[in-house]
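The following block contains the structure, expressed as structure tokens.
Numbering of ligands and ligand atoms starts at 1, following listing order.
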Amino acid sequence: MSQQSTKKPVIDVRLATEDDLASLAEAGRAEKGFGEENLKLQEGGDYLFVLGFLDGTLAGWVVLDSREDTELRPEMRNLLVYPEHRRQGLGIALSRFLERAAAEQGFDEIQLAVDPDNPAAIPLYINLDYSPTGHHRTVVRKVVAKDGSVSEQEGRDAVYRKSLRINA
Ligand SMILES: CC(C)(COP(=O)(O)OP(=O)(O)OC[C@H]1O[C@@H](n2cnc3c(N)ncnc32)[C@H](O)[C@@H]1OP(=O)(O)O)[C@@H](O)C(=O)NCCC(=O)NCCS
């Protein structure tokens, strides 16, 4: 009897290294130079570029930006799980990794900004006990039309926060 369909994948979450650049380029999910740019920022020590793997395959990433000039410091940003690997717990695992890292850096809370109409991310953050602060941030979103043309549109992301203090 095969149990393959119900087998849970092994989730691994860790900091990116130079050795991951080939897999990042191969995956072709981000603009050219994305891996190099994030690794360079990571060298500063207050910026973490974190990768997620399912059964050893690169399946997503997230960034923790704790640089002094970061508006929502520390900010979780760029959370992405590849479409074919979603709903297997990697989004939660990546977020929790960042929460632990931010707490270890001495922060009492972690923040993020999200499109209020994002149908996957909002339930994920609510599940993880983030709550809206009532503040918003103006962003420029890329909109892909049916004919494949890309345009830019101004929008507003909602700011969410989570306390990292136990019982807070
Ligand atoms: C948001 C995103 C990272 C979630 O990643 P994921 O690995 O699928 O998330 P998880 O499997 O850890 O989901 C955990 C929980 O979040 C909620 N959730 C995730 N995706 C959902 C969806 N499409 N619809 C409703 N709830 C969803 C569910 O409560 C889910 O638990 P469940 O599967 O037991 O019901 C992923 O959909 C993604 O990359 N989206 C595009 C990029 C993006 O929007 N990033 C966030 C920017 S702020």
At a 4.0 Å threshold, what atoms of ligand 1 neighbour a non-hydrogen atom of Ile92? 12 (O), 14 (C)
Angle between ring planes, Tyr125 versus Tyr160, binned at 30° and 60°: parallel, tilted or perpendicular? tilted
State the atoms of ligand 1, each with its element, that fall below the 4.0 Å cut-off from a heavy-atom position in Leu124.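 Taking each heavy atom of Leu124 in turn, ligand 1 has 12 (O), 13 (O), 14 (C), 16 (O), 17 (C) under 4.0 Å.
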Once the angle between the rings of Phe49 and Phe34 is folded into 0 to 90°, is it parallel (under 30°), tilted (30 to 60°) or perpendicular (over 60°)? perpendicular
Test your reading of the structure: does Val81 have an N or O sitting under 3.5 Å from an N or O of ligand 1?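 Yes; the residue has a nitrogen or oxygen that sits under 3.5 Å from a nitrogen or oxygen of the ligand.
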Look only at interatomic distance and state if Ala113 has a nitrogen or oxygen under 3.5 Å from any nitrogen or oxygen of ligand 1.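 Among all N and O atoms of Ala113, none is under 3.5 Å from an N or O of ligand 1.
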Has ligand 1 got any nitrogen or oxygen that is less than 3.5 angstrom from a nitrogen or oxygen of Pro123?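 It does not: no N or O of Pro123 is found under 3.5 Å from an N or O of ligand 1.
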Atoms of ligand 1 close to Gly89 [distance to a heavy atom under 4.0 angstrom, numbered from 1]: 10 (P), 11 (O), 12 (O)
Ala120: numbered ligand 1 atoms lying under 4.0 Å from its heavy atoms: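 Answer for ligand 1: 1 (C), 18 (N), 19 (C), 20 (N), 21 (C), 22 (C), 23 (N), 27 (C), 37 (O).
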Would Tyr125 count as being in polar contact with ligand 1, using the rule that some N or O on each side must be under 3.5 angstrom apart?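 The answer is no, given that Tyr125 and ligand 1 share no N or O pair closer than 3.5 Å.
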What is the minimum heavy-atom distance between Gly52 and Leu90, and which atoms define it? CA-CD1, 3.9 Å
Contact check, side chains of Val13 and Arg96, non-hydrogen atoms, under 4.5 Å: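 No, side chains not in contact.
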Yes or no: does Tyr82 have any heavy atom under 4.0 Å from an atom of ligand 1? no
Which ligand 1 atoms are under 4.0 Å away from a heavy-atom of Gln88? 11 (O)
Number the atoms of ligand 1 from 1 as they appear, then name those within less than 4.0 Å of a heavy atom of Pro119, with their elements.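 Those atoms are 22 (C), 24 (N), 25 (C).
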Any chance CD of Gln153 has more than 12 other-residue heavy atoms, nucleotides or ligands included, within less than 6.0 Å?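 No - once you tally the heavy atoms of other residues, nucleotides and ligands closer than 6.0 Å, there are 12 at most.
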Taking all non-hydrogen atoms of both residues into account, name the closest pair between His136 and Ala158 and its distance. CD2-CA, 3.7 Å
Would His85 count as a polar contact of ligand 1, with the cut-off being nitrogen or oxygen pairs under 3.5 Å? no
Would you kindly specify which portion of Trp61 sits under 4.0 Å from ligand 1, judged on non-hydrogen atoms: side chain, backbone, both or neither?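 Answer for Trp61: neither.
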Within 4.0 Å of atom 6 (P) of ligand 1 (strictly less), any protein heavy atom? yes
Checking side-chain polar atoms at under 3.5 Å, does Glu75 have a donor or acceptor matched by the opposite partner on Thr70?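 There is no such pair between these side chains.
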Minimum side-chain heavy-atom gap Leu58-Leu51 below 4.5 Å: yes
Over all heavy atoms of both residues, which pair between Gln42 and Leu15 is shortest? Give the atoms and the distance, please.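 Smallest heavy-atom distance, with atoms named: OE1-CD2, 3.4 Å.
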Using a plain distance cutoff, I'd like to know if Val114 has any nitrogen or oxygen under 3.5 Å from a nitrogen or oxygen of ligand 1.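 Val114 vs ligand 1: no N/O contact under 3.5 Å.
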Heavy atoms only: which of Leu54, Ile11, Leu79, Leu128 lies closest to atom 42 (C) of ligand 1?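 The option holding the nearest heavy atom is Leu79.
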